[in-house]
Amino acid sequence: MLGAALRAVVLVAYHPALIFPDSVRYLQYAHNFTAGQWSPDALRQSGYSVLIIPVMLLHDLWIIPLVQHLAGLATAALVYAVLIRFGVRRWLATAATVPVLCDPLQLVLEQYVLSDVWTAFLIMAALVVLVWRREERQEEHGEKEEPGGKERGRRDRLPATACGLLLGAAVTFRAQALIMIVPAALYLLVAVRPWHRLLTRLAALTGCFLIPVAGYLGWFDASHGTPNFTTFDGTFLYGRVVDFADCQGLSLPAYEKPLCPAQPTALRNADFYTWDPRSPQWTFQPPAGMSRDAVVRDFSLRILRHQPLAYAEAAARDFGYGFSPARGAGPEQYSPAYLQFHTYIRPDRQAYASIAALGYPAPALRPGPAAFLTDYGRWFYVPGPVFAAGLLLALGGLIASKARNRGKPARHAGLLFTVSAVLALVPTAALGYFDWRYQLPQLSLIPVAAILGVHAAGGRLTSAFQPSRRNPPARPEQGPPA
């Protein structure tokens, strides 16, 4: 109830929705789609714009944050349900939902017209669906083929099928979700036997994952002439490498030399170099026959090959900063102010003018609820070291359960959520600059990974029931003796 109450306060405080520059593009393309103009955005994935088409038809912007708050509550329900499914105590499963239910980062992103909440929800739903049937229990009992086995095989493939579709759908919201197919496939590899069953599950997972992904790539290709998710790959990569780029000793074509940043590295701002019209990547002139993005991407790749250790250090620094005690501006000094509650509306005349052209008002503020949320967000959030400790617990529990050869179902599920929690943070650390917005998945994935890891190791604190020799686990029914 506390999570729902907090969301009600957020809805009242900032009405009808909070707006970020990305929000404008999502709304514009959703509006285009309702008008029959079905060309996807070349900058941001358009899956989210497709999702909010009904809101464009109803013309009520407040519906977007309302439904996203419900999606946040649903994410917390998934966290609770999957832990209960594996026998975790109810109070501990409830505690695991606190970050999703109460953390201000989750609450404020639900109020924005942004795709992050849905991406995190789809990833969580995909992983929960995949582990729900606990495939390894069937293997442990040496299950044999029975009459009606084909129909049962179809039912057994449903979790992998659903997981693939959900992860593929997440990719149409944010391309960084592509990497999530790796932990899903890894889970099947360690959890499913015999081999013929494993192969059918992997085929279902990857095949259904590719349906929305290939469909989106085909849609993009038809509109922009290239099968991709964006035509701004070079833009984003330039923002990553400019933090450490040093052109000294690097052989560059003459037309790429203007891309070398002139400022000392300590004074560079990645956001400026990525988006500001005065940035070298927007002021230089590409040669005839070459696109701006292709030249910028080529330059960025040269920097990566020239400075691999500096690149690895920058990516590791960004990854580690997500576990900082305070939510500061990050290594690239990108302000997190838009992800904090305030007693004022963040000024952005251009964005508000753009949504006004679509017939939507700028955000309005109610002082009392906004003041409460500002104080709440200042004093309550889950510090990064808590999440770091959660990852260590998850890893330690997996190692301990493996050493003791116990808790296979929980261990396999814990492996899935642990690897997912790590890989979910890798793309932005490797290909972009730090923004707390991209840390959202850790609020749901790490608590589940930590508790399942401890549970798999046989922690009495986590187990909702202790097996008794008088009441051994039920085994599949055997047929009458021949």
Side-chain angles (χ1 to χ4, degrees), residues 75 77-88 93 96-97 99-100 119-140 156-171 176-193 197-198 201-206 208-209 387 390-402 406-427 440-457 459 462:
T75 304
L78 289 169
V79 170
Y80 181 84
V82 74
L83 291 174
I84 293 297
R85 177 69 171 171
F86 282 89
V88 172
T97 66
V100 174
T119 306
F121 168 75
L122 288 170
I123 290 172
M124 190 66 191
L127 302 184
V128 171
V129 166
L130 187 62
V131 302
W132 195 257
R133 289 178 66 91
R134 296 183 289 187
E135 301 264 7
E136 52 280 282
R137 283 195 170 185
Q138 299 173 10
E139 171 59 17
E140 284 178 359
D156 287 347
R157 287 192 294 271
L158 284 177
T161 298
C163 177
L165 289 172
L166 288 168
L167 290 179
V171 174
Q176 289 82 353
L178 273 169
I179 200 170
M180 300 310 296
I181 192 64
V182 175
L186 176 63
Y187 169 78
L188 293 180
L189 285 170
V190 301
V192 179
R193 292 294 184 274
R197 181 176 292 169
L198 168 62
R201 302 296 189 280
L202 283 174
L205 174 72
T206 55
C208 291
F209 174 75
F387 290 113
L391 270 183
L392 291 177
L393 274 177
L395 291 170
L398 293 175
I399 294 170
S401 65
K402 178 65 174 177
R406 63 187 303 174
K408 274 190 177 182
R411 183 172 78 233
H412 293 160
L415 177 66
L416 171 66
F417 282 95
T418 302
V419 176
S420 297
V422 173
L423 292 186
L425 306 178
V426 166
L440 190 66
Q442 69 172 246
L443 301 186
S444 54
L445 296 177
I446 291 180
V448 175
I451 293 174
L452 284 179
V454 175
H455 185 63
T462 66

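All residue numbers refer to positions in the sequence shown, counting from 1.
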For [X] versus [Y], what's the shortest heavy-atom pair and its separation?
X	Y	value
Ala456	Ser401	O-CB, 3.2 Å
Pro447	Ala96	CB-O, 3.6 Å
Cys163	Leu205	SG-CD1, 3.8 Å
Val88	Ile84	O-CD1, 3.6 Å
Ala413	Tyr187	N-CE1, 4.0 Å
Ala394	Ala449	CB-O, 3.4 Å

Qualifying residues under side chain to side chain contact (heavy atoms under 4.5 Å, CB included), relative to [X], sequence neighbours excluded:
X	answer
Leu198	Leu188, Leu189, Val192, Arg193, Trp195, Leu202
Thr206	none
Leu398	Arg411, Leu415, Thr418
Ile399	none

4.5 Å side-chain heavy-atom contact, Leu391 and Val422: yes
Exam field: side chain His455 to backbone Ala410, donor-acceptor pair closer than 3.5 Å: no
Donor-acceptor under 3.5 Å (Arg85 side chain, Trp132 main chain): yes
Positive for side chain to side chain contact (heavy atoms under 4.5 Å, CB included) with Val171, one of Thr119, Ile181, Leu178: Leu178
How long is the straight-line distance from [atom2] of [Y] back to [atom1] of [X], given to the nearest 0.5 Å?
X	Y	atom1	atom2	value
Leu445	Leu440	CG	CG	9.5 Å
Ser420	Ile446	OG	CD1	11.0 Å
Thr161	Leu130	OG1	CG	10.5 Å
Leu452	Leu83	CG	CG	5.5 Å

Please tabulate, one pair per line, all N/O donor-acceptor pairs under 3.5 Å involving side-chain atoms of residues 120-127, not counting sequence neighbours.
none

Contacts of Gln176 that satisfy side-chain hydrogen bond (donor to acceptor under 3.5 Å, both in side chains) - sequence neighbours left out: none
